[in-house]
**Q** 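Shown below is the structure under consideration.
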Amino acid sequence: QVQLVESGGGLVQTGGSLRLSCVASGRTFSSSNMGWFRQAPGKEREFVAAITWGYFRTYYADSVKGRFTISRDNARNTVYLQMNSLKPEDTAVYYCAATLRSSLSSSSSYDYWGQGTQVTVSS
């Protein structure tokens with residue numbers, strides 16, 4: 001069982017930066033692959049980034065490559081999403097998720113989800 005709590009969302013201007021955090025509770029965090037997803041109003045939830053439990057391999061959606069960085073600190077049971085050069089189209093609720101599966105870009109692979117944190121980018 002893993003419980004996830006996101007924080008760090010807010011309102012930022014175009015070109016600005018935010019860092020999202022996701023704190024996990026539960027014994028399986030260090031062996032869980034972690035992902036960030038987002039959902040804008042009227043749109044489906046979409047993959048943003050993921051990081052594996054071992055070797056810390058990272059994966060990104062094309063839309064955020066070069067601007068967002070996912071990282072994790074297993075000692076703190078925390079995964080981060082550093083978001084730079086933000087654009088209005090990045091506006092969404094961002095969700096942290098955990099999985100023991102290896103198909104990391106599919107939301108259906110994830111078993112545990114946080115409540116989400118709102119990110120709004122003004123133009």
Side-chain angles (χ1 to χ4, degrees):
Q1 187 84 9
V2 178
Q3 295 176 328
L4 306 170
V5 179
E6 304 98 332
S7 63
L11 174 64
V12 65
Q13 291 186 333
T14 296
S17 298
L18 283 174
R19 188 175 82 154
L20 306 184
S21 299
C22 172
V23 179
S25 60
R27 294 181 298 168
T28 58
F29 173 78
S30 60
S31 59
S32 295
N33 298 318
M34 301 297 297
W36 285 98
F37 289 77
R38 66 187 182 187
Q39 188 166 19
K43 295 189 176 181
E44 293 187 354
R45 191 169 297 189
E46 66 173 359
F47 170 74
V48 175
I51 186 166
T52 62
W53 70 272
Y55 298 107
F56 288 18
R57 290 194 177 108
T58 58
Y59 304 88
Y60 296 95
D62 288 342
S63 59
V64 307
K65 236 174 242 183
R67 300 188 298 123
F68 290 11
T69 303
I70 188 172
S71 60
R72 66 188 294 165
D73 183 342
N74 285 348
R76 297 178 185 270
N77 276 12
T78 303
V79 62
Y80 304 98
L81 185 68
Q82 177 66 44
M83 306 186 295
N84 298 329
S85 302
L86 283 161
K87 305 175 182 179
E89 50 263 44
D90 294 318
T91 295
V93 177
Y94 283 71
Y95 297 91
C96 169
T99 182
L100 298 178
R101 300 181 179 88
S102 58
S103 179
L104 301 183
S105 63
S106 173
S107 60
S108 61
S109 294
Y110 291 79
D111 299 302
Y112 305 103
W113 292 84
Q115 83 290 349
T117 185
Q118 175 71 47
V119 171
T120 303
V121 184
S122 64
S123 57

**Q** Hey, could you give me the CD/CG distance between Glu6 and Leu81, rounded to the nearest 0.5 Å?
**A**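 Reported to 0.5 Å precision, the distance equals 11.0 Å.
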**Q** Would a 4.5 Å heavy-atom cut-off, applied to side chains only, mark Val12 and Ser122 as touching?
**A** no
**Q** Return the set of residues passing side-chain contact (heavy atoms from CB on, under 4.5 Å) with Ser31 (not counting sequence neighbours), or none when no residue passes.
**A**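 Thr28, Leu100.
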**Q** Quick one, Thr117 with Leu20, criterion side chain to side chain contact (heavy atoms under 4.5 Å, CB included). Give me CA distance, side-chain angles, the key distance, then yes/no.
**A** CA-CA 8 Å; Thr117 185; Leu20 306 184; 4.0 Å; yes
**Q** Give a yes or no answer on whether the side chain of Thr120 reaches the backbone of Thr91 with a donor-acceptor pair at less than 3.5 Å.
**A** no
**Q** Supply the atom-to-atom distance Gln3 CD to Gln115 CD, rounded to the nearest 0.5 angstrom.
**A** 11.5 Å
**Q** Output the rest of the hydrophobic cluster of Leu11: all Ile, Leu, Val, Met, Phe, Trp and Tyr residues reachable through side-chain heavy-atom contacts under 4.5 Å, sorted by chain and number.
**A** none
**Q** Can a donor-acceptor pair be found between the side chains of Ser17 and Asn84 at a distance below 3.5 Å?
**A** yes
**Q** Per the salt bridge (charged side-chain N to carboxylate O under 4.0 Å, His left out) rule, what does the pair list look like for residues 32-55, sequence neighbours excluded?
**A** Arg38-Glu46, Arg38-Asp90
**Q** Can you list the steps and then say if Val119 with Leu18 is a side chain to side chain contact (heavy atoms under 4.5 Å, CB included)?
**A** CA-CA 9 Å; Val119 171; Leu18 283 174; 3.9 Å; yes
**Q** Provide the full list of ring-ring contact (aromatic ring centres under 6.0 Å, His included) pairs with a residue in residues 69-96, sequence neighbours left out, each pair given once.
**A** none
**Q** Apply salt bridge (charged side-chain N to carboxylate O under 4.0 Å, His left out) to Arg19 and list each qualifying residue two or more places apart in sequence or on a separate chain.
**A** none
**Q** Any idea which heavy atoms bring Arg76 and Thr78 closest together, and the distance?
**A** O-OG1, 2.8 Å
**Q** How about Pro88 and Thr14: do any of their side-chain heavy atoms sit closer than 4.5 Å?
**A**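 Yes, their side chains come closer than 4.5 Å.
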**Q** Keeping to residues at least two apart or across chains, list the ring-ring contact (aromatic ring centres under 6.0 Å, His included) pairs with something in residues 26-50.
**A** Phe37-Phe47, Phe37-Tyr110, Phe37-Trp113
**Q** Output, in order, the C-alpha distance, side-chain angles, deciding distance and verdict of side chain to side chain contact (heavy atoms under 4.5 Å, CB included) for Tyr60 and Thr69.
**A** CA-CA 8 Å; Tyr60 296 95; Thr69 303; 3.8 Å; yes
**Q** Nearest 0.5 Å, what's the OG-CG distance between Ser25 and Leu4?
**A**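 The distance works out to 7.5 Å.
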**Q** Keeping the roles fixed (side chain from Asn77, backbone from Val23), state whether a donor-acceptor pair exists under 3.5 Å.
**A**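 Not a single qualifying donor-acceptor pair exists.
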**Q** I'd like to know if the side chain of Arg57 and the backbone of Thr52 have a donor-acceptor N/O pair within less than 3.5 Å.
**A**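 Between the backbone of Thr52 and the side chain of Arg57 there is no qualifying donor-acceptor contact (under 3.5 Å).
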**Q** According to a 4.5 Å side-chain heavy-atom criterion applied to Ile, Leu, Val, Met, Phe, Trp and Tyr, with indirect links allowed, do Met83 and Val64 form part of one hydrophobic cluster?
**A** yes
**Q** Quick check: do Arg72 and Ile70 have side-chain heavy atoms less than 4.5 Å from each other?
**A** no
**Q** Check whether Leu104 and Phe68 end up in the same hydrophobic cluster, where Ile, Leu, Val, Met, Phe, Trp and Tyr are linked by side-chain heavy atoms less than 4.5 Å apart.
**A**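 In one cluster: no.
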**Q** Quick check: closest heavy atoms across Val79 and Cys96, and the distance to 0.1 Å?
**A**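 The answer is CG1-SG, 3.8 Å.
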**Q** Could you tell me whether the side chain of Arg101 and the main chain of Ser109 form a donor-acceptor pair under 3.5 Å?
**A** yes
**Q** For Asn74 and Phe56, what are the C-alpha separation, side-chain angles and deciding distance, and is it a side chain to side chain contact (heavy atoms under 4.5 Å, CB included)?
**A** CA-CA 10 Å; Asn74 285 348; Phe56 288 18; 3.8 Å; yes
